[in-house]
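Let me begin by presenting the structure, written as structure tokens, before commenting on it.
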Amino acid sequence: MSGHWAKAAAELLSNKLIVQGTEGGRFEPGRSITRAELAAMLVRMLGIHPSGTTAVSASFNDVAGRWFAADVQAAYNAELIQGYADGSFRPDAAVTRQEMIVMIARAMNAAGLGKEAEGASVHYADDARLASWARGAVDQLSQAGLLTGDQASRLAPERAATRAETAAILARMLQSGM
């Protein structure tokens, strides 16, 4: 993380025990964040106390017995996440940027911190690629000052979100008093 643009955000979240490193004590900022990692971060950030057992996860057929099982179940119970029609959660799948934004907006709403987007939609250069189900969450996070596009005002909604990008948004959320 030395010299990385998201170092301060990762350290803030690490100090608050919201984010943990990967094997070998590394943060891996450029790696895609998985569905399980994001669910666990959101549960920790909101202070939701999952059951102490990893044997939970009756809601999904692919998480039982894994390190994130209790966090995924807690995130599901809090309506932060959803699974797939086949009963799976796909915990190791990368989260797209628009999926990450929707999950963070749900976390804000669950904590009573979010408010519906007001006024006109916030537009990005690649809005045509944004799924209609993510529009409200993009507007909510943009208007709250948590989400910005890149230098060319692009959101890249279909691209996999990185651990650094996720940490930056969550740190902004904490720092804004949300």
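Computed from a predicted model, the values in this text were never measured in an experiment. Hydrogens, waters and symmetry mates play no part in the numbers below; they use all other heavy atoms, side chains included. In this chain, numbering begins with 1 at the start of the sequence shown.
Between the side chains of E79 and N109, no donor N or O sits under 3.5 Å from an acceptor N or O.
The shortest side-chain heavy-atom distance between L13 and M41 does not fall under the 4.5 Å cut-off. The closest side-chain heavy-atom distance from L38 to M100 is below 4.5 Å. A heavy-atom distance below 4.5 Å is found between the side chains of L80 and L46.
Rounded to the nearest 0.5 Å, atoms CD1 (I104) and OG1 (T166) are 6.0 Å apart. Rounding to the nearest 0.5 Å places CG of D71 at 9.5 Å from CD1 of I48.
Between F89 and F60, the ring-plane angle classifies as tilted under the 30° and 60° cut-offs.
With hydrogens and angles ignored, the 3.5 Å screen pairs a side-chain donor or acceptor of D139 with a backbone N or O of V122. Counting only distance, with no hydrogens or angles, the side chain of D126 and the backbone of R129 share no donor-acceptor pair below 3.5 Å. The closest donor-acceptor contact from the side chain of S88 to the backbone of Y84 lies at 3.5 Å or more, if one exists at all. A donor-acceptor contact shorter than 3.5 Å is absent between the side chain of E158 and the backbone of L130. No side-chain donor-acceptor contact under 3.5 Å links R163 to the backbone of P29.
Note on D92 versus R66: salt bridge recorded, some NZ/NE/NH1/NH2 to OD/OE distance being below 4.0 Å. With salt bridges taken as basic N to acidic carboxylate O contacts below 4.0 Å, one links R97 and E165. Taking 4.0 Å as the cut-off between side-chain N and carboxylate O, E11 and K16 do not count as a salt-bridged pair.
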Notebook entry, point to check: Between S142 and Y124, is a side chain to side chain contact (heavy atoms under 4.5 Å, CB included) present by the stated rule, with each step listed?
Noted result: CA-CA 10 Å; S142 296; Y124 294 93; 2.5 Å; yes
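Taking both residues in full, the closest heavy atoms of L141 and M108 are given as CD1-SD, 3.9 Å, listed atom of the first, atom of the second, then distance.
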